[in-house]
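Numbers restart at 1 for each chain; the letters A, B, ... are given by sequence-line order, proteins then strands. Please read all numbers here as calculations on a predicted model, not as lab measurements.
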Amino acid sequence: MEKYLSQLNEAQYAPTVQKDGPMIIIAGAGSGKTRVLTYRIAYLMNQGVDAFNILALTFTNKAAKEMKGRIAEIVGASEAKNLWMGTFHSVFAKILRFEGHHLGYPSNFTIYDTQDSQKLMGSIIREMGLDKDLYKTKQVYSRISSYKNSLITVKAYFNNPELMEADAMARRPRMGEIYQAYVERCFKAGAMDFDDLLLRTNELLTRFPSVLAQYQDKFRYILVDEYQDTNHSQYLIVRALADRFQNICVVGDDAQSIYAFRGANISNILNFQKDYEDVKMYRLEQNYRSTKNIVGAANSVIEHNQTKLDKIVWTANVEGPKVQVHRSLTDGDEGRFVASAIWETKMTDHVPNSDFAILYRTNSQSRAMEEALRKRNIPYRIYGGLSFYQRKEIKDVTAYLRLILNPSDEEALKRVINYPARGIGQTTIDRLMVAANESGKTIFELLENIDSANININTGTKNKLKDFVTLIKSYQVMNQTANAFDLAEYVTKTSGLIKEFNKDNTPEGVTRLENVEELLNGIKDFVEGQMEIADSKDNLAEFLEDIALATDLDGDKGDPDHVALMTIHSSKGLEFSNVFIVGLEEDLFPSAMSMNTRSELEEERRLFYVALTRAEKKAYLTYALSRYRWGKLVDSEPSRFIEEIDDQFLDIITPIEERRINPMLSADIFGDTPPNKVRFKKPVQPKFKKKDKAKPVNFEISAPKKLKKASEIKAPAEANLFGGELTVGNRVKHLKFGRGEVLSIEGKGGDVKAEIDFEFGGKKKLLLRFAKLELIG
DNA sequence: TCTATATGAGTTTTT
DNA sequence: CTCATATAGA
C-alpha cells in the first residue's frame, strides 16, 4: 500500500498526499503528473474515500483510457470501475441521461455529432434563403459552438450588441437567427450537440439546486487533468460541483494548452488561485522522461512565446543524441526516410515497434507514412483519424437505430428516409420540413398522419411515406422485446441496407460490408456485457451514446507491437522512446490557418512543444521540399520552428539528395520512388484503420472483434451475488447506477432478478447471474 | 419528381 | 483526392 508512494519524489509526494482542500499542480512536460494524479486517487481510496465519491475528468478519450489503465494497476480493476472517470462529455452525457427530463429532454436524447450539427445548420441556412457562400456552414458552426462554450445563450446573444455588431461586420447579420433556429430545432429533435452536453449540464446545475446538491454530495473529491484546456463551460461545471467540499485538484501546464480552437481558456488555470480559498500550489519541474537534448530543444522553442508562466523544466537524465533534422524531397521521401530510420534502429538497438511514434499536424499526412511502413513490413496502427463510427455505412445503420429510439431525430430521419432509395425525393423532404417548422410538429409526427396533414404531396409519394413509417414502427415494436443486436441485424437486413452495400463489388464496397459486420459484432459484445439488465430496452440507447462520444474503435486486437501514428493533438499525455515529427513546413506546421494572430501562432508553438516532449530518447524532425496536395506537387519551405531551436541541440543532416537537387529531375531518377505510382492508388483495405495493414496475413475477419468496453465488462468473472445472499432492503453498489436499495427479488435458480432502486438511473431489474453487485453496509 | 452524372470547392487540431 | 452540391436526363 505504501509501496507506490515510495516511487514518488519529494515534489510529487506532497500533492499526492494532500487529501483535502483545493490545490493546483503546475506540471511541466514529463514531470510525472499522470503519476501524481493516479497515485493521488489511490491514496484517497486508501484513506477511506469511497470510489463512488471521486470524479476524475480528462479531455480526450485517449487520456481517459490511459488514466483508467494506470489506476486499475494500482487499486485493482474492480475498485477502479467504481470511479467516475472519463471525458467531460461522456461523464455529463451520463448525468444528463438521468436528469435531462428536468430540462425537457427525453432520457433517450440523441447526441448530434459535428456532421449532424453542420447538416442541420446547412439546411437552416438554406431554408432562410441566405447566401451559402457568405454563411458557410463550417464557420457558422464554429461561431455558434464558441457562443455555447462561453455560455452565451440565444437570449444573451441578442442582449449583447457587441457580438451582434461583430457578426454584422463579418457580413453575417443574421447569425443570431440561425443560432436561435438551430437551438430550437435541436431541442425539438430531442438532440444535444457536443456543446450542449456541457451547456445543458450548466443549465441543470444552475436551475435545479437540488440536483446540484445531489451531485455535489456525490462528487466529494474532484480531479481535473489538463486543466489548461478547460473552456468556460467546463470551468463553471467544475466550480459548481466543487463548491461544497472544495476538494478540487487540478493539474495542468500552460505550455501545453493546445485546444484554444475549441474554446479552451488559459486564464482558467492562471486564475485558479482566485477561485478558491487557501489554494495550495505545487510545481513539478523535473522532467523524468526525456534526455537533456530533448528538454533543451523544447525549452528553447517555447521561449519564443510571450504568454507563459515562469517555469523551468529541467532534467537529470543523460544528454542523449541530438535532435535530428532531416530534409526530404517529397512527402513520399519523407515517409521512406522515417520507415528506414525505424528499420535501422530496430536492427541496431533491437527495440520493439512500439518504441516508435510518428506524429503529424493533420490526419491526411498519415497516408505517406502508412505506405512507406507497409513497404518495409513494419506493423503500425493509426490512432484517431476518421472515426469508425463516422463512416458513411456505419452512420447509415446507426441512423436507423437512432430513429427507432427517438423518432424526433430529424437528422437521422433525413439520412435514411430515402436511403436505400424509396422514391422519396428532396422536394418532398423540403415540403415536410417547411410544414414541420410551421406546425411545430416533428417530421415523424407529420408522417404518422400524412393523410390529414395539409401538405402538397401526391398520393404515390404519400404511400411511400406511409410504408416508411410502417417500417420504422415495426422496428420500434421489435425494440420492445428484442435486444439491440437482434434488432440491428434485423434492421440492416430488412431496410435494404445490406442489399444496397452488396451492389457494390469494388474493394471499398466489400470493406463497407465488413465494417457493418464489425459494427454488429460490436453491438453483440455490448449486449452481452449488458446482460445483467433484465429489461434490455435500454441497451440500444446506451450503445448509441457510447459510440456518439467514442472516436476510436480501440480494442487490443492485432499485434500490440506496432508503430503508433497519430496527430500531435491526440499524442498529448503519451510518451515514446523515439518520436518522428513529420511535415515541419510553413503553412502545414504552423498551419496556414493559424498564422493570423500571435496567439494562434503561439498555440501552434505549444503544439510543437508537446510533440517534442513526447520523446524519451531520440526525436527526429523532418520536412519535405515539396508535398502532394490535392494530387498536385506543391513547394514548401521548412518550418520556422526548426530555426527557433537552439543549434546546440540539433544535428542537421544534409541528405545526399541535397547535392542532386535539380528542378529538371523528377524523384524517379533517384530510383527510390516505386515504379508504379502506388501513392495514387487506394490501398486495398484503406478503411480498416484499426488493423495492422503491414500484415495483411493477419486479416482476421472471422475472429470476433470486441469493443474494448464490452470485453472489459465481461472479462473479470467476479463473484456475483445470488438470491440467497440478497434480501429485500439490502443496500448494494453497482458500477454504473451507483448505490441502491433492493426492492424485491423474484425468480429462481439462474434467473433470479432483483428490482433495485438506484440513485442514478432509478428502478432497474437486474439478473443477479450477471449483475456485479456489491453489498454495502 | 427522382436519379445519375458532372462540376466545383475545400483540408487543422477533438468532443 | 474526396466530399457536397448543381444540372441534365428519365
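Across the protein-nucleic acid pair, A:Lys462 atom NZ and B:dT1 atom P stand 12 Å apart, rounded to whole Å. Distance A:Lys94 NZ to B:dT15 C1': 14 Å, rounded to the nearest Å. B:dT13 atom P lies 11 Å from atom CG of A:Leu607, rounded to whole Å. Across the protein-nucleic acid pair, A:Gln365 atom CD and B:dT13 atom C1' stand 11 Å apart, rounded to whole Å.
Side chains of A:Thr137 and A:Gln118: no donor on one and acceptor on the other come within 3.5 Å. For A:Asn149 and A:Ser233, the side-chain atoms include no donor-acceptor pair closer than 3.5 Å. Checked by atom type, the side-chain pair A:Glu334/A:Thr622 shows a donor-acceptor distance below 3.5 Å.
Taking only side-chain atoms of A:Ala421, from C-beta outward, the nucleotide of C:dA6, B:dG10, B:dT3 with the closest atom is B:dT3. Comparing B:dT12, B:dT14, C:dT5 against the side chain of A:Thr362 picks out B:dT12 as the nearest. Residue A:Met593 places its side chain closer to B:dT12 than to any other of C:dC1, B:dT12, B:dT1. Comparing B:dT1, B:dT14, B:dT12 against the side chain of A:Arg431 picks out B:dT1 as the nearest.
Distances shown here put a side-chain N or O of A:Lys136 below 4.0 Å from the OP1 or OP2 atom of B:dG10. Taking side-chain N and O atoms only, A:Asn149 has no distance below 4.0 Å to OP1 or OP2 of B:dT15. Residue A:Ser591 places none of its side-chain N or O atoms closer than 4.0 Å to OP1 or OP2 of B:dT13. Proximity of A:Asn363 to the phosphate of B:dT12: no side-chain N or O atom is located under 4.0 Å from OP1 or OP2.
At a threshold of 4.0 angstrom between heavy atoms, the contacts of A:Ile424 are confined to the sugar-phosphate backbone, with no base atom among them. At the heavy-atom level, A:Thr114 lies under 4.0 Å from base atoms of the strands shown. If you check every strand for non-hydrogen atoms under 4.0 Å, A:Lys119 touches nothing. Heavy atoms of A:Phe589 sit nowhere under 4.0 angstrom from any nucleic acid atom. Using a 4.0 Å heavy-atom criterion, one finds that A:Asp193 contacts no nucleic acid atom at all. Counting any heavy atom pair closer than 4.0 Å across all strands shown, A:Thr427 reaches sugar-phosphate atoms only and no base atom. At a threshold of 4.0 angstrom between heavy atoms, the contacts of A:Lys632 with the nucleic acid are absent. Counting any heavy atom pair closer than 4.0 Å across all strands shown, A:Arg126 reaches no nucleic acid atom. Counting any heavy atom pair closer than 4.0 Å across all strands shown, A:Phe88 reaches no nucleic acid atom. At the heavy-atom level, A:Ala592 lies nowhere under 4.0 Å from the strands shown.
The existence of a salt bridge linking A:Arg606 and A:Asp254 is excluded, since no basic side-chain nitrogen approaches an acidic carboxylate oxygen closer than 4.0 Å.
A:Phe109 pairs by the ring pair (Phe, Tyr, Trp, His ring centres under 6.0 Å) definition with nothing, not counting sequence neighbours.
Both tests pass for A:Lys392 against the ring of A:Tyr419: distance under 6.0 Å to the centre and angle within 45° of the axis.
Checked by distance alone, A:Arg361 brings a side-chain donor or acceptor within 3.5 Å of a matching partner on the base of B:dT13.
Taking a centre distance below 5.5 Å and an interplanar angle below 30 degrees as the stacking criterion, A:Phe194 does not stack against the six-membered base ring of B:dT14.
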